Chemist: 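Pasting a structure below so you can have a look.
This is a predicted model, so every value here is computed, not measured. Throughout, residue positions are numbered sequentially from 1 according to the sequence presented.
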Amino acid sequence: MKPYLIEFRQKIVKAYEQGDTSIRKVAARFDVSKAFVQKLLKQKQTTGHIQPKKQGGSLKSVLHSRTAQLTQMVEKYPDSTLSEYCEYWLDTYKETVSPSMMCRELIKQNLTRKKRQYGVVSLPQTACKF
């Protein structure tokens, strides 16, 4: 959804500042939410303008800028599980990381997560009886 135009925002603020009216009445008059009017008035009071703020964007992971450390960790411990990587990260860098976050970051950086399989080794059939 696009932000409201500055002219529309100015009308809302002006209507509230001009008269003895409530935020609810201004919101109803302009068909916006009460919360929007409150945020608009607070923004005007704190910043001095009513420009729309930047929308969207995503939060970066704690591991996002740590490519070299992740690569080093995977090379040092290639057969570790995600949980073991998380424990290592906590011990080494004092940052808590969930296994899902670790998994996503390893995938983004194309670091292998495939482990050697430690299965039961089948012994050859002998005539040995115990």
Chemist: For the hydrophobic clusters of this structure (ILVMFWY residues joined by side-chain heavy atoms under 4.5 Å, transitively), does one cluster hold both Tyr88 and Leu90?
Modeler: no
Chemist: Closest approach of Ser80 and Tyr85, non-hydrogen atoms and distance?
Modeler: CB-CE2, 3.5 Å
Chemist: How long is the span from the CH2 atom in Trp89 to the CD atom in Glu84, to the nearest 0.5 Å?
Modeler: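 Answer for the CH2-CD pair, Trp89 versus Glu84, is 16.0 Å.
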Chemist: Are any of the side-chain heavy atoms of Gln55 and Pro3 separated by less than 4.5 Å?
Modeler: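 The answer is yes, as the side chains (C-beta and beyond) meet within the 4.5 Å cut-off.
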Chemist: Any side-chain heavy atom of Pro52 sitting closer than 4.5 Å to one from Arg9?
Modeler: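 Contact flag for Pro52/Arg9 side chains = yes.
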Chemist: Got a second to check how far Thr67's OG1 is from Leu111's CG, nearest 0.5 Å?
Modeler: 8.5 Å
Chemist: Set out, in order, the CA-CA distance, both residues' side-chain angles and the distance that settles side-chain contact (heavy atoms from CB on, under 4.5 Å) for Tyr16 and Leu40, then state yes or no.
Modeler: CA-CA 11 Å; Tyr16 180 77; Leu40 199 58; over 6 Å; no
Chemist: Could you report the tightest heavy-atom contact between His49 and Gln51, atom names first, then the distance?
Modeler: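 Taking every non-hydrogen atom into account, ND1-N, 3.1 Å.
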Chemist: Less than 4.5 Å apart, side chain to side chain, heavy atoms only: is that true for Val32 and Phe8?
Modeler: yes
Chemist: Which is it for Glu95 and Arg66 under the side-chain contact (heavy atoms from CB on, under 4.5 Å) test, yes or no, and what are the steps along the way?
Modeler: CA-CA 12 Å; Glu95 295 175 328; Arg66 300 287 192 80; 3.4 Å; yes
Chemist: Within a reach of under 6.0 Å around CD of Glu7, are more than 12 heavy atoms found that belong to other residues, nucleotides or ligands?
Modeler: yes
Chemist: Please report the interatomic distance CG(Leu106) to CE(Met73), rounded to the nearest 0.5 Å.
Modeler: 5.5 Å
Chemist: How long is the gap from NZ on Lys11 to CG on Leu5, to the nearest 0.5 Å?
Modeler: 9.5 Å
Chemist: How close do Glu105 and Leu63 get, heavy atom to heavy atom, and via which atoms?
Modeler: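 The pair with the smallest heavy-atom distance is CG-CB, 3.5 Å.
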Chemist: Taking the side chain as everything from C-beta on, heavy atoms only, tell me whether Lys53 gets closer than 4.5 Å to Lys39.
Modeler: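 A side-chain contact under 4.5 Å is absent here.
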Chemist: Going from NZ on Lys76 to OG1 on Thr92, what distance comes out if it is rounded to the nearest 0.5 angstrom?
Modeler: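 Rounded to the nearest 0.5 Å, the NZ-OG1 separation comes out at 7.0 Å.
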Chemist: Is it the case that the ring center of Phe36 lies less than 6.0 angstrom away from the ring center of Tyr4?
Modeler: yes
Chemist: Does the side chain of Ser83 come under 3.5 Å of the side chain of Thr81 through a donor N or O and an acceptor N or O?
Modeler: no
Chemist: Any non-hydrogen side-chain atom of Val62 less than 4.5 Å from a side-chain atom of Tyr93?
Modeler: no
Chemist: Throw together a table of side-chain donor-acceptor distances under 3.5 angstrom for residues 18-28, partners on residues two or more places apart or in other chains.
Modeler:
from, atom 1, to, atom 2, distance (Å)
Ser22, OG, Lys25, N, 3.2

Chemist: Report whether Ile12 and Ile6 are members of the same hydrophobic cluster (ILVMFWY, side-chain heavy atoms less than 4.5 Å apart, transitive linking).
Modeler: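 No, Ile12 does not connect to Ile6 through the hydrophobic network.
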Chemist: Evaluate the side-chain proximity of Leu70 to Met102: yes if any heavy-atom separation is below 4.5 Å, no if none is.
Modeler: yes
